[in-house]
Every structure is written in C-alpha cells, then in structure tokens.
Amino acid sequence: MKKIIICAICSFTLVGHCHGGYDYKIEELQHKSLAYSELPECVRTVLSVASLCNTSAKDLLFVNPTDSLYFRFEIIKTITGPWIDYCKLTDIDKGIAYRIRYNSPLPCIIYKKQKKMYIPERYNIFSGSNYETCMYTEYEMK
C-alpha cells in the first residue's frame, strides 16, 4: 500500500511538472497571419523604434511600455539536463500563463489593450529592414 501511494504521488508530481503551470499553448489560441502593412499602426511604430535599438536581449516588446509591469517572461528547462523546454509568458494581472515553443522567433509584441500578441514568422527581423517584409502571427490573448 505504501508503494502505491508513493507511486501515485510521483506520478502526479511528474504530470504537474510536464504541464509546467501554463494555461494555454499559443498555437491553440485563435490566430491569423498578417503582413507588416496589416499590423496596427502602434505595433509598426514599436517595431520601427526597436529596430533602431540594440534588440539582441529583447524577448518582449510592448505597445504601451507600462504594460511590462503586468507580464513575466520565463525560460522553462526540461526535467533532465540543461535543455530548454519552452518559454512561458505570464499575464500577472489576470493570472494566465501562455506556453510559447522554445524555437519560436522573437520578439513577442504585446498589445494588452487589444488583448493581442504578435510574433514574427521568421528569425532576425531586425537585421536591416527585414521587419518590414516579415509576416507576423497575431494571437488573441485570453
């Protein structure tokens, strides 16, 4: 009986850890693909300003800079080894966490007022003017 209880506790712990504490995978949210010209004007402005800055360390960009107080971005590692499993974006205000595939292009552009998140469909969008020719995926946040 003791072994069964220990196995059950281990199983629940493992299942909970594999889920990682997120509420939604972004790929499962309602989304659509947009060209740069179809993005809201304020999102295009954020991208053009970010392209002028050193963006090598930027994972998140915000349409309204004060929205950065309401979000946390974390790297979640695998159970074994030093590998990265996925990225987790948490809306602290709502208590909702989103799972973002680790190899997704960055940055994530958050437009909290409209409950939208934009992710480029390719990497290195800030080399040259690639951000203007890139397609973006618009996700409807909960």
Side-chain angles (χ1 to χ4, degrees), residues 3-142:
K3 289 181 181 181
I4 293 173
I5 292 172
I6 291 172
C7 287
I9 290 171
C10 290
S11 296
F12 289 126
T13 303
L14 184 59
V15 168
H17 185 71
C18 290
H19 185 269
Y22 60 85
D23 299 304
Y24 300 98
K25 290 182 178 180
I26 63 162
E27 327 55 79
E28 295 173 358
L29 296 174
Q30 188 174 16
H31 61 279
K32 62 182 174 183
S33 190
L34 299 172
Y36 175 80
S37 60
E38 298 173 302
L39 294 173
E41 179 64 34
C42 54
V43 173
R44 291 194 308 251
T45 302
V46 167
L47 287 166
S48 65
V49 169
S51 71
L52 302 173
C53 303
N54 176 10
T55 57
S56 61
K58 299 237 186 253
D59 294 325
L60 289 176
L61 296 174
F62 296 92
V63 169
N64 182 351
T66 60
D67 288 344
S68 65
L69 300 172
Y70 303 107
F71 288 90
R72 182 175 58 242
F73 190 79
E74 301 173 73
I75 304 292
I76 307 299
K77 295 187 176 186
T78 58
I79 295 172
T80 59
W83 303 284
I84 295 174
D85 192 12
Y86 62 92
C87 301
K88 183 167 100 172
L89 175 68
T90 304
D91 183 336
I92 299 166
D93 206 24
K94 293 183 178 179
I96 297 174
Y98 301 93
R99 181 186 194 275
I100 301 171
R101 284 182 303 116
Y102 168 63
N103 61 352
S104 292
L106 294 174
C108 295
I109 302 111
I110 307 295
Y111 192 5
K112 184 174 172 64
K113 184 178 178 182
Q114 297 294 321
K115 297 181 184 175
K116 307 274 187 189
M117 175 175 25
Y118 300 89
I119 297 181
E121 294 183 1
R122 67 173 188 239
Y123 298 95
N124 302 323
I125 64 167
F126 293 123
S127 59
S129 60
N130 287 339
Y131 71 93
E132 295 175 340
T133 59
C134 183
M135 295 294 289
Y136 296 84
T137 303
E138 175 189 80
Y139 295 96
E140 304 250 350
M141 300 175 79
K142 299 292 181 178

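Between Tyr136 and Tyr36, the angle of the ring planes lies from 30° to 60°, which puts this pair in the tilted group. Using bins of under 30°, 30° to 60° and over 60° for the plane-to-plane angle, the ring pair Tyr22/Tyr86 lands in the perpendicular bin.
A donor-acceptor contact shorter than 3.5 Å links the side chain of Thr45 to the backbone of Glu41. Between the Lys94 side chain and the Lys142 main chain, a donor and an acceptor come within less than 3.5 Å of each other.
Atom OH of Tyr70 has 12 or fewer heavy atoms from other residues, nucleotides or ligands within 6.0 Å.
Checking Pro120, Cys134, Ser51 one by one against Phe126, the side chain to side chain contact (heavy atoms under 4.5 Å, CB included) holds for a single residue, Ser51.
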Audit row: Ile26, Arg101, side chain to side chain contact (heavy atoms under 4.5 Å, CB included) steps and yes/no: CA-CA 8 Å; Ile26 63 162; Arg101 284 182 303 116; over 6 Å; no
Run the side chain to side chain contact (heavy atoms under 4.5 Å, CB included) test on Arg99 and Tyr24 for me, step by step, so that the C-alpha distance in whole Å, both residues' side-chain angles and the decisive distance to 0.1 Å come before the verdict. CA-CA 6 Å; Arg99 181 186 194 275; Tyr24 300 98; over 6 Å; no
In sequence, state the C-alpha distance, the side-chain angles, and the governing distance for Ile119 and Tyr139, and then conclude on side chain to side chain contact (heavy atoms under 4.5 Å, CB included). CA-CA 8 Å; Ile119 297 181; Tyr139 295 96; 3.9 Å; yes
Under the side chain to side chain contact (heavy atoms under 4.5 Å, CB included) rule, what do Phe71 and Phe62 come out as? Steps first, then yes or no, please. CA-CA 10 Å; Phe71 288 90; Phe62 296 92; 3.6 Å; yes
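Rounding to the nearest 0.5 Å places OH of Tyr131 at 10.5 Å from CZ of Arg44. Atoms CG and CG, on Asp67 and Asp91 in that order, are 9.0 Å from each other to the nearest 0.5 Å. Atom OG1 of Thr90 is separated from atom CD1 of Ile92 by 7.0 Å, given to the nearest 0.5 angstrom. The distance from atom CE of Met135 to atom CD of Glu38, rounded to the nearest 0.5 Å, is 6.0 Å. For the atom pair OH of Tyr102 and CD1 of Ile75, the computed distance is 7.0 Å after rounding to the nearest 0.5 Å. Between atom CG of residue Leu60 and atom CD1 of residue Ile109 there is a gap of 9.5 Å, rounded to the nearest 0.5 Å.
You'll find the side chain of Met141 reaches within 4.5 Å of the side chain of Leu89, heavy atoms only. Using a 4.5 Å heavy-atom cutoff, the side chains of Pro40 and Gln114 are not in contact. At least one side-chain heavy atom of Thr137 sits under 4.5 Å from a side-chain heavy atom of Glu121. For the pair Cys108/Leu61, no side-chain contact is recorded, criterion being any heavy-atom separation below 4.5 Å from C-beta on. When side chains are defined from C-beta on, Ile125 counts as touching Leu47, because their heavy atoms get closer than 4.5 Å.
Salt-bridge annotation for Lys112 and Asp93: present, with a side-chain N of the basic residue lying under 4.0 Å from a carboxylate O of the acidic one. Between Glu140 and Lys115 no salt bridge is recorded (no basic side-chain N to carboxylate O distance below 4.0 Å).
With Phe73 as the aromatic partner, Lys88 does not meet the cation-pi criteria of under 6.0 angstrom to the ring centre and within 45 degrees of the ring axis.
Applying the salt bridge (Lys or Arg N to Asp or Glu O under 4.0 Å) test to Arg72 and every residue at least two apart in sequence or in another chain returns Glu74.
Nearest approach of Asn130 to Asn124, heavy atoms of both residues: ND2-O, 3.7 Å.
The salt bridge (Lys or Arg N to Asp or Glu O under 4.0 Å) contacts involving residues 124-137 comprise nothing, where partners must be two or more places apart or lie in separate chains.
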